[in-house]
2 protein chains.
Amino acid sequence: MTPRHPNARTLKESAKGIPEATVARLPVYLRALQGLKDRGVATVSSEELAAAAGVNSAKLRKDLSHLGSYGTRGVGYEVEYLVYQISRELGLTQDWVVAIIGVGNLGRALAGYGGFASRGFRVAGLLDADASIVGERISGLTVEHTDKLETIIKDQGVSIAVIATPAAAAQAVCDRVVAAGVTSVLNFAPVVLSVPEGVDVRKVDLSIELQILAFHEQRKAGGPHEEYIEVHP
Amino acid sequence: MTPRHPNARTLKESAKGIPEATVARLPVYLRALQGLKDRGVATVSSEELAAAAGVNSAKLRKDLSHLGSYGTRGVGYEVEYLVYQISRELGLTQDWVVAIIGVGNLGRALAGYGGFASRGFRVAGLLDADASIVGERISGLTVEHTDKLETIIKDQGVSIAVIATPAAAAQAVCDRVVAAGVTSVLNFAPVVLSVPEGVDVRKVDLSIELQILAFHEQRKAGGPHEEYIEVHP
DNA sequence: CAATGTGAAAGACTTCACAGCC
DNA sequence: GGCTGTGAAGTCTTTCACATTG
């Protein structure tokens, strides 16, 4: 609908409506591109970038085509320009304020994770319900009591909450952060969270990943006729 | 530079042909069922179980139909029986031996994670390259030096390696565990690992999850009227 | 009757293969 | 010549809707 420059896509879906599968890969491309940039590479072909990102090149080109026409035929993509375009598309040109709730082993690991700041995520609060660790300093932040959850979310403008509490506490914490205005939640607790329409939840679950691996591992070890025969040099 | 296939080639489909998307949901159903079992529920309908697992009921029934006909029409599924069938399908009726390589914040969190033992995953080793933490005891295990990686993998029969090292070390560690016989890898390092055919890699990446949330968050904030693309030659 | 199990339809995603442009 | 961008084909996944069965 919105007018764009002349020779742009005739496709029904204009630049908005990027497929979810594509969105999930953009951060991977971004990381690969940043690696290339650090190594001083100025231009990259879809074939090379795809290899660095671990996908096939047709998929990469199709993915990028959803953002616009940022490549040059016969040449490839300009690394720095593409970094900027993907960052912008992902919303990384602005800063996001994050709160981590639950300062156990995992919460501590997350608090110390370097990948935050470098990508525009600012941790504005570490909160825990356990009074014995409130006040402790971790990675430059002081642990606050969860009583202050609503205050911190509002005062600091938190828009993403990371839930790293025990399973039993997760839904209650989630309800509170949502009530306080958070609309994106990254959940590490092993429960399915219920949220109102309009709130996004993503789940990271270690035990599920291991179980999926176990399933495949079992198939490799046991099954009578497997079709993926391993060729051994 | 050995030529390798980038990206873990997902093993096609298992002998019984359970779709990958279904496999990824079985652990979620299993957890929901275990919750029901703990609450003394004996029988559950697809509608109820689907709600507990956060999926739609047609999908649940289709998923379960790939395992066999374990329900009773007009009644539902017997909780305990279904727990057993899914566990068996996932390979959780046997024990899996896991090694965690990289004992930083994240490695410690993983070592202390309770969801392991309860699901048949036994952590047989914690390894790190940093001599200053070798010997430290964490969650009942002594940290070993990565020099012993091959020995531990072989002696203990490790089949799943969890890589929680810094990005720069991850590929080398991966190569070593694969050479020592590991065929399933859970990777927490922010790199794309290359592995030979037949090795399964799953990746967990905090920063990618946050970036995906940021993308959606940005869309919400902007409303249905953003999108003016500058033409940048 | 109630709820499963499942063909068939719809939708999403991936891959192919090549036209078009540099 | 080389490489992008993309329709079209192919594959996988979800959803629908209902015949089937205890």
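To find a chain, count down the sequence lines: A is the first, B the second, and so on, and within it residues start at 1. In what follows, every heavy atom counts, from backbone to side chain, and hydrogens, waters and symmetry copies are set aside.
- Contact check for Lys203(A) versus Ile208(A): side-chain heavy atoms found under the 4.5 Å cut-off.
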Anything under 3.5 Å between a protein N or O and an N or O of nucleotides 9-12 of chain C, put it in a table, one pair a line.
none

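- Counting heavy atoms from C-beta outward, Leu26(B) and His66(B) have side chains that stay 4.5 Å or more apart.
- Each of dA17(D), dC16(D), dC22(C) was ranked by its minimum atom distance to the side chain of Thr72(A); first place goes to dC22(C).
- The distance between atom NZ of Lys62(B) and atom P of dC16(D), rounded to the nearest whole Å, is 13 Å.
- Residue His66(A) contributes atom NE2, which lies 10 Å from atom C1' of dT6(D) at whole-angstrom precision.
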Applying side-chain contact (heavy atoms from CB on, under 4.5 Å), run through Leu64(A) and Leu82(A) and close with a yes or a no. CA-CA 9 Å; Leu64(A) 294 184; Leu82(A) 198 50; 3.9 Å; yes
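- One finds no side-chain N or O of Tyr77(B) lying less than 4.0 angstrom from the OP1 or OP2 phosphate oxygen of dG22(D).
- Proximity of Pro27(B) to Arg119(B): side-chain heavy atoms (C-beta onward) are nowhere separated by under 4.5 Å.
- Between dT14(D), dG7(D), dG20(C), one nucleotide has an atom nearer to the side chain of Arg73(A) than all others, and that is dG20(C).
- Side-chain contact check for Gln34(B) and Asp38(B): no donor-acceptor pair (N or O, by modelled atom type) lies under 3.5 Å.
- Among residues two or more places apart in sequence or in another chain, the side-chain contact (heavy atoms from CB on, under 4.5 Å) test is passed with Arg202(A) by Glu20(A), Leu186(A), Glu209(B), Ile212(B), Leu213(B).
- When the P atom of dT13(D) is taken as reference, atom CD1 of Ile18(B) falls 12 Å away, rounded to whole Å.
- Within the 4.0 Å cut-off from OP1 or OP2 of dT4(C), at least one side-chain nitrogen or oxygen of Ser46(B) is found.
- When the side-chain nitrogen and oxygen atoms of Tyr70(B) are compared with OP1 and OP2 of dA3(C), none of them lie within a distance under 4.0 Å.
- Across dC21(C), dT4(C), dC13(C), the shortest atom-to-atom separation from the side chain of Pro19(A) is found for dC13(C).
- Comparing Lys59(A) and Glu47(B), the nucleotide of DNA chain C nearest to each residue sits closer to the 5' end for Glu47(B).
- OP1 and OP2 of dC18(C) both lie 4.0 Å or more from every side-chain N or O belonging to Arg61(A).
- Per the geometry, CG belonging to Asp63(B) stands 12 Å off P belonging to dG5(C), to the nearest Å.
- Shown here are the side-chain contact (heavy atoms from CB on, under 4.5 Å) partners of Ala42(A), two or more places apart in sequence or in another chain: there are none.
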